Structures are given as structure tokens and as C-alpha cells.
A.B. asks: 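Pasting in a structure now, in C-alpha cells, and then I'll have a few things to ask.
First the proteins, then the strands, lettered A, B, ... as listed; each starts at 1. Predicted model, so just to flag it, every value in this text is computed and none were measured.
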2 protein chains.
Amino acid sequence: MSLADSRPQQDCPVRGRPRSEAVERAIIDGVMKLIEDGVPLADLSIERIARTAGVGKATIYRRWSNKDDLFIDAVRSAEPGDPELPGTSMRDDLVVLLESLRQRGLASRTSAILHNAHVQMKSNPKIWSAYHACVVAPRRRLGLDVLRRGQKNGELRQDVDVELMNDILVGPMLVRSVLRPDAGLEEGLAERIVDTVLEGLRPVSR
Amino acid sequence: MSLADSRPQQDCPVRGRPRSEAVERAIIDGVMKLIEDGVPLADLSIERIARTAGVGKATIYRRWSNKDDLFIDAVRSAEPGDPELPGTSMRDDLVVLLESLRQRGLASRTSAILHNAHVQMKSNPKIWSAYHACVVAPRRRLGLDVLRRGQKNGELRQDVDVELMNDILVGPMLVRSVLRPDAGLEEGLAERIVDTVLEGLRPVSR
């Protein structure tokens, strides 16, 4: 069995209605402060979080049943929200989606919480799986919807599956964020990627 | 200063001529066994490696000045080597390059050493930087060379920079290896990516 097969397929945990937004915020901020300070997940305890947030342990347990769920919520709150799509064309929607990935890539270079949390998650399959279900998968569904609309509109080839097309569009941003931290994430990159990928790499005169 | 800026630009350490291949192999195998067992980098010591490999500490220190360099060499030896390029066309060379990335992606799903080492490296900027210089950068240079030959041959557009084209080609494999461990890395994927990216995503009849 491969490592991938052993990863549990997980749904994103649904949050209940918060009892007090201010208290929730203080707890989340407490977790984020600890992650930012580089405290490894293994050393995060509900007790330590309670102390940092200035609340009682019971206050935390009323909202989160364990520290993993709380950790995931803290990471979610540090992630930028989904962008508003203009809907003027598939091309424009794709540019906005990739632009938000570019901003996310820039943020992860400077944000200690995004950086540290990512490293922590990668070594914890359960948390990585939840992060995937709560953050990565919804973002991906948004992209697939845009591509499907493009196929209906005739803006996109019909003979390529949208999953592969999405990976081709998203890939370069991931390469520059993850594999090449010294690579440019310059303004205009989203447009360049979308237009280059739509046009193709062969010489234009064919 | 961003996290990216603070990462040292590093060269790949050049290895001297081995004094005894068998001893080197035993030491490297010892490190790999410990990584495979999930021993974190922080808990790896020259002493522990020496015990696992059945050699003296001095034997290790004659070859590696510190455990970081030894760790990097162990990871390098677990990485597949660069593929032989057919040289028949840019397209064929690209397919072979992406096929080797696909194999690398499959290997990292099942190889505990590639998985664990990757997680360790991500939390250690110095080691990540050396890994980048020794493994990622040479693989990348190979791809850029193929694309530059393609631009000379007229197989490739002249108006797109090769760095971006390389990221577009490599990106989907990275997405499927890193971000979507449940995604297909099926046979024929390398050809599909290369041909789709060369052709572009717009409808063919334009």
C-alpha cells in the first residue's frame, strides 16, 4: 500500500455557530501566535493555547474537540479567502484565480504562520488531509467550474479533461511558490501564464 | 526581509574521491535506514549513524564534516538519476524528462525515505537549499537546455521565456505529486502534458 493510499479521505469538518466571536478570535489568535513563534504541533497543547489566549481550557473544549481541529481552523483563518470572479470571460476568471494564487504564494514567503504551518502539516497526514479538504479542494473546485463553463462557451478545447487543464494552469504558480522560492512572482504573472497556456507553446505560424 | 530572501544561495557541495566505496555505501545506507524509520533530522547524530552503519565516528568524519552534508548525500543517492535524452526532437526530449518526473512522483508516494526526507528538509532552510542546489537545480537546467534547443530549431515559440515555459511543463507533475497525492500519475501522462501544453488550451479551429 502506498503512502497516498493510506491517507484517509476526509471531509472538511463543519463548524458550529460560534458562541462568541470575540472568544473564538482570541483562541485562534493564540494558536497563530504559537505557530508563528515556531512551536511545533507536537508541543501545542490545549493548556498552552488556553494560557496564551487568556481563557480556560473548558472554553476551548466547548468549541473544538481536540487540538488538531483547532490547528486546522487557525490555518484556515490565515489563508486568503476565495476571490470574486468577474464572470466576463473564462480567461478573465482564470486570471483572477491565478492572481489569488500569486498573492497566496507571496504571502507564504513572508508569513511565518503559513510557512511553519505548512511544514507541520506535511508531517501529519491527518491534518494535511483536513487542510486539503478545507482549503485546497474548494479552491480547486472553483477552478474546475470556471474551466467547465469555458468548455460550454467554446473558449476551451473539448478534448482535454478539465482536471489536467487545471493542473497545467495552477502548476507554474505552485512551482514558483514551493520549489523555487527565489523565482519571480511578479505582477502580471497570472495573465502571462493564462495567455501562454491558452495559446500553447508551439510557434504561432503553423 | 522575506523568508525567501533569507535563504542562503548555496552551491552543491562537491564530493571528493571516495576512499572506499563499500564503506561510503554502508554509511549512506545507515543514514537511509534511520530516515526510513522516521528518525527526525534533529535526532540523527554522527554517533547514532556510526552505530547503525557499524563503523567508527572518525570514519564518518574523514568523509563528511557534519551530519547535514551526510544527510544531503543520503537523499541524493535516493533520488533517481537524470534520464538519457533521445535527442530526436524537443518534444521527445520533453516527454522523457516529464516521464522521469512522473516516476519520481510515483517513487515519493511509496518511498518512506523520499517522503520523510522531504518533510525534514522543508523545515531546515540550509538543507533545503543544498537539496535545491544538488537535485532540483541540475534537473531544471536540463529542461531549460531542451527548451532553448527547441527555440533554435523552431519547435517552440520565441516570444515566451524558457523559464516560464519550463514551469508550465513541470507544474502539473508537481501538482499531482505534492498537492494532490490522490491524483493520477498514470502511464502516458508525460505525453499528454507535453502535447497539450505545446498545442494550447484554446479550441483548435480558430
A.B. asks: So, are B/R202 and A/D195 salt-bridged, with charged N and O less than 4.0 Å apart?
C.D. replies: no
A.B. asks: A/R176 versus chain B, heavy atoms under 4.5 Å apart: side chain, backbone, both or neither?
C.D. replies: side chain
A.B. asks: Do you know which of B/G154, B/P172, B/A137, B/G171 has the most heavy-atom pairs with chain A at a distance under 4.5 angstrom?
C.D. replies: B/P172
A.B. asks: Between A/L189 and chain B, which part of the residue has a heavy atom less than 4.5 Å away: side chain, backbone, both or neither?
C.D. replies: side chain
A.B. asks: Just so I understand: if I count every heavy-atom pair under 4.5 Å between each of B/V197, B/L106, B/V160, B/D159 and chain A, which residue has the most?
C.D. replies: B/V197
A.B. asks: Before you tell me yes or no, could you show the steps for A/I35 and A/V31 under side-chain contact (heavy atoms from CB on, under 4.5 Å), namely the whole-Å CA-CA distance, both residues' side-chain angles and the distance that decides it to 0.1 Å?
C.D. replies: CA-CA 6 Å; A/I35 302 174; A/V31 179; 3.8 Å; yes
A.B. asks: For the backbone of B/K126 and the side chain of B/N124, can you confirm whether one donor and one acceptor N or O come within less than 3.5 Å of each other?
C.D. replies: yes
A.B. asks: In terms of heavy-atom pairs under 4.5 Å, which option from A/N166, A/L164, A/V170 contacts chain B the most?
C.D. replies: A/L164
A.B. asks: Heavy-atom distance under 4.5 Å to chain B: side chain of A/L147, backbone, both or neither?
C.D. replies: neither
A.B. asks: Is B/D37 reaching over with its side chain to a backbone N or O of B/V39, donor-acceptor style, under 3.5 angstrom?
C.D. replies: no
A.B. asks: Give, as side chain, backbone, both or neither, the part of B/R140 having an atom under 4.5 angstrom from any heavy atom of chain A.
C.D. replies: side chain
A.B. asks: If I measure from the heavy atoms of chain A, does B/V136 come under 4.5 Å with its side chain, its backbone, both, or neither?
C.D. replies: side chain
A.B. asks: Look only at the side chain of A/S129 and the backbone of A/P125, and say whether a donor-acceptor pair between them is shorter than 3.5 Å.
C.D. replies: no
A.B. asks: Of all the heavy-atom pairs spanning A/A190 and A/E99, show the shortest one and how long it is.
C.D. replies: CB-N, 3.5 Å
A.B. asks: Please look at B/E163 and chain A and tell me whether the side chain, the backbone, both or neither of the residue comes under 4.5 angstrom of a heavy atom of that chain.
C.D. replies: both
A.B. asks: Which one of A/M90, A/R149, A/R148 satisfies the side-chain contact (heavy atoms from CB on, under 4.5 Å) criterion with A/L156?
C.D. replies: A/M90
